[in-house]
Structure formats: structure tokens, C-alpha cells
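Read the structure below first, then the notes.
All chains are named by letter (A, B, ...) in the order of the sequence lines, taking the proteins before the strands, and each is independently numbered beginning at 1. Worth saying up front: this structure is predicted, and the values here are computed from it rather than measured.
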Protein chains: 2
Amino acid sequence: MHQTTIAMSKCDQCIVRQLSSLKALNKEEVIKLANSKTSYKIKKGEAIFEEGEITNGVFCVKDGIGKLSKLSANGKDQIVKLVKSGELLGQRSMISNEPANLTAKAVADMEVCFIPKSEIINFFNSNNQFSLNMMQSVCEDLKESENEKIALVQKTVKQRLAETLLHLHDEFGEDTDKTLKVQLTREELAGIIGTATESCIRLLSDFNKLGLIELVGKKIMLKDVRALKKLADN
Amino acid sequence: MHQTTIAMSKCDQCIVRQLSSLKALNKEEVIKLANSKTSYKIKKGEAIFEEGEITNGVFCVKDGIGKLSKLSANGKDQIVKLVKSGELLGQRSMISNEPANLTAKAVADMEVCFIPKSEIINFFNSNNQFSLNMMQSVCEDLKESENEKIALVQKTVKQRLAETLLHLHDEFGEDTDKTLKVQLTREELAGIIGTATESCIRLLSDFNKLGLIELVGKKIMLKDVRALKKLADN
DNA sequence: AATAGAACATGACAATTATCATCTTAATAA
DNA sequence: TTATTAAGATGATAATTGTCATGTTCTATT
């Protein structure tokens with residue numbers, strides 16, 4: 001009994017509960033959630049689930065940053081989406097009743113909770129707002145994916161890099177030293193914009209020389225946001 | 001009363017009702033649907049809705065073929081998705097409560113029905129299976145979009161053309177003369193695979209010389225499906 | 001501190017793809 | 001039917017991007 005109360009209060013105050021579809025859950029449902037969830041810690045580089053795996057539930061990202069990606073035949077890892085604290089992972093596969101289409105790995109140490117599918121289905125059936133929230137979340141992903149698809153074709157690698165840097169800045173913010181908070185390797189960054197690692201490095205180097213960014217070791221500081229925006233949009 | 005019966009039977013037997021999320025509707029709901037829908041005919045080249053428009057409902061594609069696309073700054077039209085008879089259009093914008101992100105135009109003469117948002121919301125609230133169906137349909141779109149995004153980066157234009165031809169063949173079938181049923185201009189085909197029209201034409205010409213396809217006027221006949229598959233996957 | 005391995009960086013070059021120009025053929029309107 | 005325009009086709013060329021090779025700088029581990 002005491003246990004339940006603690007678990008509930010934990011889920012109740014959790015950032016995922018505040019930001020994701022789960023915000024529609026009522027107190028009673030949150031208690032059920034707290035009792036059925038499992039927590040995990042995932043270290044940088046480790047996988048949460050791999051392409052083809054049957055996940056049978058969703059993962060809540062409590063802390064850290066993850067990437068959803070797909071390995072190509074030539075060994076390159078195309079990153080489809082980054083997820084941060086407050087977001088859900090694996091919704092699509094669960095809803096479609098399919099094995100995961102993408103691999104989820106930690107880009108920075110993560111804390112996640114697993115909610116079994118049966119629980120989610122119960123929420124679907126009993127809570128209309130929850131269904132609607134989740135539907136909207138998938139719709140949001142769809143819109144983003146479509147727009148990125150278009151950008152991938154209509155913009156040059158240079159434009160996409162500028163765009164991605166701005167996006168990372170917007171979404172994840174900056175450290176105290178003004179550099180981007182998400183620390184991706186050049187290879188990962190290349191995997192987001194869809195280019196060769198060397199091309200990515202070269203362009204970063206160009207941006208640096210042009211004063212658009214500053215390279216502080218492996219970290220990246222945006223120096224001229226306005227110019228980056230202009231470059232991305234042009 | 002007689003009117004209602006006719007309308008109902010029309011919606012009841014409609015292909016959209018059989019293939020889309022609407023299949024979850026019961027008789028009573030189909031009657032309501034039939035009373036609230038409006039039918040349109042759209043000629044090849046005309047728009048159903050344009051990017052930025054508030055649609056306030058979904059369109060059912062009864063007949064014909066449509067394209068969802070976005071115009072780029074340099075005047076090129078990137079095609080995101082083709083829709084055919086039996087599918088719904090504009091679900092995402094409606095669910096997200098946003099203006100259309102893409103423009104929908106007829107590639108071949110179309111017949112569509114418009115279902116107002118209020119009606120869909122009613123179905124959402126009263127029919128759980130309908131919600132689930134629609135969610136799965138959006139999920140399906142998301143998966144496809146993500147996979148296409150990956151293909152766009154990881155495959156060459158040649159591979160993407162082969163893949164797209166096979167896809168068009170699978171999805172739309174062939175005419176009596178064995179050519180592809182969807183008749184797209186070279187420009188539209190280029191807009192799907194995300195390349196310049198000239199590049200698309202050149203590759204079609206190459207495929208023709210290699211015996212992979214045959215160009216019958218403006219129409220395309222697949223001659224060596226196996227080789228096309230190999231090319232697309234390689 | 002020494003060493004190994006990963007990540008980063010850059011040059012040289014090749015391959016892919018876009019752009020511009022021109023021409024032919026097909027479709028459409030006067 | 002003829003004129004006009006759109007669609008298709010192809011060459012020449014330039015720009016973009018990828019690949020391979022090589023070197024440097026980090027980082028972690030012993």
C-alpha cells in the first residue's frame with residue numbers, strides 16, 4: 001500500500017506524465033500506470049530496442065537523449081528522429097501491431113520506463129482524450145517526417161546542416177558554455193542530415209571559417225543564428 | 001425517408017467505406033455519414049485543397065488518383081504521397097487541428113466525398129474501433145514516410161526510380177496494354193523520387209535500353225521486374 | 001606516462017546529379 | 001489544319017557530394 005503511493009506520486013510528478021499523451025490520465029489511471037511500469041537505465045550507446053524486435057509496449061523517456069535510426073546496407077546509420085525527456089518511444093509499432101521499424105539507442109545516458117501494451121490499450125478504451133493525444137502525437141511525427149523528407153530532396157547538404165544545427169539548438173538548448181547541449185559525434189550529425197561523415201566535417205569546418213559557428217573541441221557553438229537561418233531557408 | 005435510404009445504401013457500398021477506417025462504422029453511423037457528406041468531381045490537374053488551407057474535414061477518394069505535394073522555393077513540386085480510390089485525405093491536418101501541410105491535386109480525374117470534421121469527431125467519441133483504425137492508418141503513413149526518408153538518403157536516384165516504378169506497379173496495377181495504370185508525367189515521376197526531370201527522363205531512357213522497361217509513348221511498361229527489384233535493393 | 005583506438009580533419013579524386021541549351025514529338029486551341 | 005504550347009529527349013557542362021587515403025588530435029585504458 002505504501003509502495004503504491006510512492007509509485008503513484010513518482011509517476012504523477014514525472015516529466016513524461018506532464019508532457020506526453022499521458023497527461024490525459026486521471027489519478028486512478030496514474031496509479032495503475034505506476035504499478036505496471038518498469039524502470040531502466042540505459043547507458044550512452046546502448047540500445048533500448050532494435051529494428052525487428054517486438055516491443056509490446058511503449059517507453060517513456062524520463063531523462064537523457066535517444067536516437068531512432070536505421071542501419072543501411074553500406075553500414076551507415078540514418079537517424080530518423082531524436083527523442084528527449086518527456087517523450088514516448090515505440091508508439092507507432094505498438095499501435096500498428098508490428099515489430100519495431102527502427103532501432104532506438106541512447107545518445108546520452110537515459111532513464112526510461114516501460115509501459116506494457118495491455119495497459120495502454122486499457123487507457124485507449126477508457127480515456128478518449130488519451131487516444132486523441134496519442135493520435136495527435138503520431139500526426140505530429142508524420143508532419144515532421146514529411147517535411148524532413150521534402151527538405152532532404154529540396155535542400156543542399158549545406159542547407160540541411162544549417163537547419164539541423166538550428167533545430168538542435170531550439171530543441172535541446174545550450175550548455176553553460178553556450179555550446180549545443182546535445183553532443184553528437186560528427187558521424188551522428190551526418191546521419192541526421194543524410195550525408196557522408198567527411199562531408200559533414202568539411203561543412204562544419206567551412207561554417208567555422210565563415211564565423212557561423214565555433215568549434216570548441218568536439219562541441220559546437222552557434223555564433224550567427226541569423227546567418228544560419230538565412231542559409232537554411234534560401 | 002426514401003432519400004436517406006438511398007444515401008445510406010450509396011455510402012454503405014462505397015469502396016471507401018470498405019477499405020478505409022470507415023469500415024468500423026455501424027449502419028446507424030453510415031446513415032449519419034451519408035446525410036452529412038458532400039460529393040465532388042475533380043478534374044485532372046485541379047486541386048482538392050492547397051497547402052495552408054483549413055480543410056475542416058476529410059476527403060474520401062471514391063475514384064481516380066491524387067497526389068499530395070509541396071512546392072519548393074525553386075518551383076519544383078515534391079510529391080509526398082499518391083492516394084487512390086478507397087483512401088482518406090486530410091486526416092492528419094484534421095486531427096492536428098492545423099491547416100493543410102500539403103497540396104492535394106488530382107493526377108487523374110477524381111470523385112471525392114467530403115466529411116465534415118464534426119461528424120468525424122462524433123465517430124471518434126462513439127466508436128473506439130474507428131479511432132483505432134484511423135490511428136493505425138496514420139501510423140502506416142508514418143512508417144512509410146520514415147522508410148522513404150531513409151531510402152531518399154541511402155539510395156541513388158537510379159535505385160529510387162526502380163523502386164518507385166515497382167511501387168507504382170504494385171499499388172496501381174497495369175492497363176490492358178501492360179503499361180502502368182497511373183499515368184504520371186516525367187516531371188511528376190521526378191517529383192516522387194526527388195530528382196530533376198531531366199535526370200528522370202535520362203534514367204528511364206537507360207532502363208529502356210537495358211530492357212528493364214519499355215517506353216510506349218509516354219506510358220511505361222515494366223519488362224524485367226526481377227532485375228528492377230535487384231537494382232532497387234542492391 | 002605510454003599505447004591503442006576512436007573521432008576528427010583534410011586533400012585528391014571520382015561519381016552522381018543538376019543545370020542550361022537545344023531539339024523532337026505530342027497535345028491543344030484557334 | 002495550322003499554330004502554339006507542353007512534354008519528352010539528349011548533349012555538354014558544372015556543381016555537389018561521396019570515397020579513399022592519410023594524418024592529427026583526442027580519450028580511455030593499462
Side-chain angles (χ1 to χ4, degrees), chain A residues 43-45 72-78 107-109 151-164 179-180 182-210 213-221 231 234, chain B residues 43-45 72-78 107-109 151-165 179-180 182-210 213-221 231-232 234:
Chain A
K43 285 199 184 133
K44 180 175 171 176
S72 75
N74 61 5
K76 273 191 195 164
D77 208 35
Q78 168 70 15
V107 164
D109 290 0
L152 226 38
V153 170
Q154 297 186 338
K155 298 192 172 185
T156 63
V157 173
K158 194 186 288 184
Q159 289 178 303
R160 267 145 49 201
L161 175 58
E163 191 173 59
T164 300
T179 61
L180 290 182
V182 242
Q183 215 180 322
L184 300 168
T185 64
R186 306 292 193 251
E187 192 179 357
E188 284 170 331
L189 190 52
I192 293 177
I193 65 179
T195 190
T197 307
E198 296 94 323
S199 300
C200 177
I201 290 173
R202 241 182 276 273
L203 285 171
L204 283 174
S205 186
D206 292 350
F207 283 10
N208 189 15
K209 278 167 199 156
L210 291 169
I213 63 174
E214 191 179 323
L215 298 176
V216 185
K218 304 192 172 184
K219 307 196 76 188
I220 299 168
M221 187 194 303
L231 207 167
N234 170 30
Chain B
K43 285 201 185 129
K44 180 174 171 176
S72 76
N74 61 4
K76 273 189 196 166
D77 208 35
Q78 168 70 15
V107 164
D109 291 0
L152 226 39
V153 170
Q154 297 186 338
K155 298 192 173 184
T156 64
V157 173
K158 193 186 290 185
Q159 289 179 306
R160 268 145 49 203
L161 176 58
E163 191 172 59
T164 300
L165 291 174
T179 62
L180 290 182
V182 242
Q183 215 180 321
L184 301 167
T185 63
R186 305 292 192 250
E187 192 178 358
E188 284 169 330
L189 190 53
I192 293 177
I193 66 180
T195 191
T197 307
E198 296 94 323
S199 300
C200 177
I201 289 174
R202 239 181 277 273
L203 285 171
L204 284 174
S205 185
D206 291 350
F207 282 11
N208 188 14
K209 278 168 199 155
L210 290 168
I213 64 173
E214 191 179 322
L215 299 177
V216 185
K218 305 193 170 182
K219 308 195 75 189
I220 299 168
M221 187 195 301
L231 207 167
N234 168 30

Validation row: Leu204(B), Leu165(B) side chains within 4.5 angstrom (heavy atoms): yes
- request: Please list all pairs passing the salt bridge (charged side-chain N to carboxylate O under 4.0 Å, His left out) test where one or both residues lie in residues 151-164 of chain B, with sequence neighbours left out.
  value: Lys155(B)-Glu163(B)
- prompt: Closer to the 5' end of DNA chain C via nearest nucleotide, is it Ser205(A) or Lys218(A)?
  reply: Lys218(A)
Check the distance between [N]'s [atom2] and [X]'s [atom1] and give it to me in whole angstrom.
X         : N       : atom1 : atom2 : value
Glu188(A) : dA7(C)  : CD    : C1'   : 11 Å
Lys158(B) : dT16(C) : NZ    : C1'   : 10 Å
Ile201(B) : dT19(C) : CD1   : C1'   : 13 Å
Leu189(A) : dC8(C)  : CG    : C1'   : 13 Å
Lys209(A) : dT10(C) : NZ    : C1'   : 8 Å
Asp206(A) : dG11(C) : CG    : P     : 10 Å
Leu231(B) : dT16(C) : CG    : P     : 12 Å
Arg186(B) : dA26(C) : CZ    : C1'   : 12 Å

message: Is the phosphate of dA18(C) approached by Ser199(B) (side-chain N or O, under 4.0 Å from OP1 or OP2)?
response: yes
Can you measure from [atom1] ([X]) to [atom2] ([Y]) and round to the nearest 0.5 angstrom?
X         : Y         : atom1 : atom2 : value
Ile213(A) : Leu203(A) : CD1   : CG    : 9.5 Å
Gln78(B)  : Thr195(B) : CD    : OG1   : 10.0 Å
Thr185(B) : Glu188(B) : OG1   : CD    : 3.5 Å

- request: Kindly point out which of dT17(C), dA9(C), dA12(C) is positioned nearest to the side chain of Leu215(A)?
  value: dA9(C)
task: Would you grab the first and last nucleotide of DNA chain D (5' to 3') that comes under 4.0 Å of any non-hydrogen atom in chain A?
output: dT17(D) to dC20(D)
message: I'd like to know if the side chain of Asp109(B) and the backbone of Lys44(B) have a donor-acceptor N/O pair within less than 3.5 Å.
response: yes
task: Look at all strands and tell whether Thr197(A) reaches a base, only sugar-phosphate, or nothing, counting heavy atoms closer than 4.0 Å.
output: nothing
field: Option from Leu189(B), Leu231(B), Thr156(B) for which side chain to side chain contact (heavy atoms under 4.5 Å, CB included) with Leu161(B) holds
entry: Leu189(B)
